[in-house]
Amino acid sequence: MISQALQFLRELEENNNRIWFQENKERYEVLRKGYIEYVQTLIDRISLFDPEIAGLEAKDCLFRIYRDIRFSPNKLPYKNYFGAYMASGGRKSPRGGYYFHLQPDGCFFSGGIWCPEPALLKMLRRDIYDQMDEFVAIIENPEFKSVYKELEGETLKRMPAGYPSDTPRGEILLHKDFCVIAPVPDSFFDQPDWIDTAESYFRKLLPFNQFLNYTVDEFQGRV
């Protein structure tokens, strides 16, 4: 199914218009259903080591394929990927979670927190600064680093206000997102055991997400 979904997305990228999509709508629905089933399998696997997402339903984690073009200069109506964010609360959750991105020549697994609201970002920076040794130990752990090479996302050009410019590992505090990415080739999904490998990638994220979610809990008043 994955290879068929990737082929559909390639064709969609070349024919990103409503007429083509409507002509291929039934095909899309079948492939979307298959993707949902894979996402549910991943949720069930992840919940065995991260009980926080137990009971989560795949349909609540999927992002729509329809683009919001109201305020975008890019008027293409459809996304050229399938994406699912698996975290307590589903795709709109502010919590650190697990993301599965299916896109031709751009597939990846990811985790952490992407684009937190400003107040949460401020707290995340503070807690990372206060527990820098613990955070660095997580992201520099050889097992973690074998899959997730570095923090991703946008960064500031200078140290945020309130932090010394000579802070050890201060480059971490420049980040606007605290997430990591593991790219995989399209051929990754030709392996019969790719779900097992994906589960192992997500398992490595647990300490990273737990660190970030302690701050999210504090932010939401749970601690």
Side-chain angles (χ1 to χ4, degrees), residues 39 42-43 45-47 49-54 56 58 60-64 79 81-103 106-141 143-145 147-157 159-163 167 169-184 198-199 201-223:
V39 171
L42 287 169
I43 289 170
R45 295 277 195 101
I46 295 167
S47 66
F49 59 82
D50 188 350
E52 180 175 303
I53 71 166
L56 191 63
D60 297 324
C61 301
L62 261 66
F63 291 98
R64 287 163 49 89
K79 300 169 185 172
Y81 62 86
F82 291 164
Y85 187 58
M86 297 163 278
S88 177
R91 62 183 173 273
K92 295 184 179 180
S93 174
R95 304 183 68 72
Y98 310 86
Y99 179 71
F100 174 25
H101 186 91
L102 194 65
Q103 179 179 354
C107 301
F108 63 85
F109 300 98
S110 178
I113 295 177
W114 178 265
C115 202
E117 63 175 281
L120 176 56
L121 174 59
K122 186 175 181 180
M123 288 186 66
L124 287 164
R125 282 198 182 113
R126 184 206 66 191
D127 285 356
I128 289 171
Y129 175 78
D130 289 343
Q131 306 294 332
M132 184 64 81
D133 289 347
E134 180 183 348
F135 188 75
V136 169
I138 291 170
I139 63 174
E140 295 294 340
N141 179 286
E143 187 175 353
F144 183 89
K145 194 114 176 159
V147 175
Y148 304 104
K149 306 301 183 186
E150 59 186 359
L151 290 175
E152 303 283 346
E154 291 188 58
T155 58
L156 300 171
K157 296 185 183 301
M159 189 68 72
Y163 296 98
T167 299
R169 295 303 304 266
E171 76 279 2
I172 293 172
L173 302 178
L174 299 177
H175 279 265
K176 296 181 182 181
D177 315 286
F178 293 101
C179 65
V180 290
I181 292 174
V184 296
E199 177 190 343
Y201 286 1
F202 284 143
R203 187 182 292 271
K204 291 175 174 57
L205 288 168
L206 183 60
F208 183 66
N209 283 333
Q210 286 178 326
F211 182 103
L212 297 172
N213 283 335
Y214 184 89
T215 301
V216 177
D217 284 339
E218 184 181 16
F219 179 73
Q220 295 179 326
R222 298 184 186 179
V223 176

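A distance of 8.0 Å separates OH of Tyr81 from CD of Gln103, quoted to the nearest 0.5 Å. Atom CE of Met86 and atom CG of Asp50 lie 11.0 Å apart (nearest 0.5 Å). The distance from the CG atom of Leu56 to the OG atom of Ser93 is 9.0 Å, given to the nearest 0.5 Å. Here Tyr201 contributes atom OH and Ile46 contributes atom CD1; the two are 14.0 Å apart, rounded to the nearest 0.5 Å. Distance check: Leu173 CG to Arg125 CZ gives 7.5 Å after rounding to the nearest 0.5 Å. The distance from atom CZ of Phe208 to atom CG of Asn141, rounded to the nearest 0.5 Å, is 12.5 Å.
Atom CD of Glu140 has more than 12 neighbouring heavy atoms from other residues, nucleotides or ligands inside a 6.0 Å radius.
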(message) Using the rule given for side chain to side chain contact (heavy atoms under 4.5 Å, CB included), can you reason through Ile139 versus Ile172, listing the C-alpha separation, both sets of side-chain angles and the distance that settles it, and then say yes or no?
(response) CA-CA 11 Å; Ile139 63 174; Ile172 293 172; 3.9 Å; yes
(message) Set out, in order, the CA-CA distance, both residues' side-chain angles and the distance that settles ring pair (Phe, Tyr, Trp, His ring centres under 6.0 Å) for Phe109 and His101, then state yes or no.
(response) CA-CA 6 Å; Phe109 300 98; His101 186 91; over 10 Å; no
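Evaluated for a side chain to side chain contact (heavy atoms under 4.5 Å, CB included) with Ile113, the options Asp177, Thr215, Leu121, Leu124 yield exactly one hit, Leu124. Each of Trp114, Phe82, Phe108 was compared with Tyr99 under the ring-ring contact (aromatic ring centres under 6.0 Å, His included) criterion, and only Phe108 meets it. In summary, of the residues considered (Tyr98, Tyr148, Phe144), a ring-ring contact (aromatic ring centres under 6.0 Å, His included) with Phe202 occurs for Tyr98 alone.
With hydrogens and angles disregarded, a donor-acceptor distance shorter than 3.5 Å links the side chain of Asn213 to the backbone of Asn209. Tyr163 contributes a side-chain N or O that, together with a main-chain N or O of Arg126, makes up a donor-acceptor pair within less than 3.5 Å. Without hydrogens or angle criteria, Ser88 side chain to Ile53 main chain gives no donor-acceptor distance under 3.5 Å. In this structure, Lys79 contributes its side chain and Arg64 its backbone to a donor-acceptor pair below 3.5 Å.
In this structure, Gln131 and Phe211 have side chains that are in contact, with non-hydrogen atoms separated by less than 4.5 Å.
Minimum interatomic distance between Leu42 and Ala198 (heavy atoms only, all atoms of both residues): CD2-CB, 3.9 Å. Looking at every heavy atom in both residues, Leu212 comes nearest to Gly112 through CD1-CA, 3.8 Å. Nearest heavy-atom pair across Ala182 and Val147 is CB-CG1, 3.5 Å. The minimum heavy-atom distance linking Phe135 with Ile128 is given by the pair CD2-CG2, 3.9 Å. Closest of all the heavy-atom pairs between Pro94 and Val216 is O-CG2, 4.0 Å. Closest of all the heavy-atom pairs between Ile43 and Cys61 is CD1-SG, 3.9 Å.
Taking the charged nitrogens against the carboxylate oxygens, Arg95 and Glu52 do have a contact shorter than 4.0 Å, which makes a salt bridge. Using a cutoff of 4.0 Å between basic side-chain nitrogens and carboxylate oxygens, Glu171 and Arg169 are scored as salt-bridged. Look at Glu117 and Lys122 and you find no salt bridge, because none of the NZ, NE, NH1 or NH2 atoms lies under 4.0 Å from a carboxylate O.
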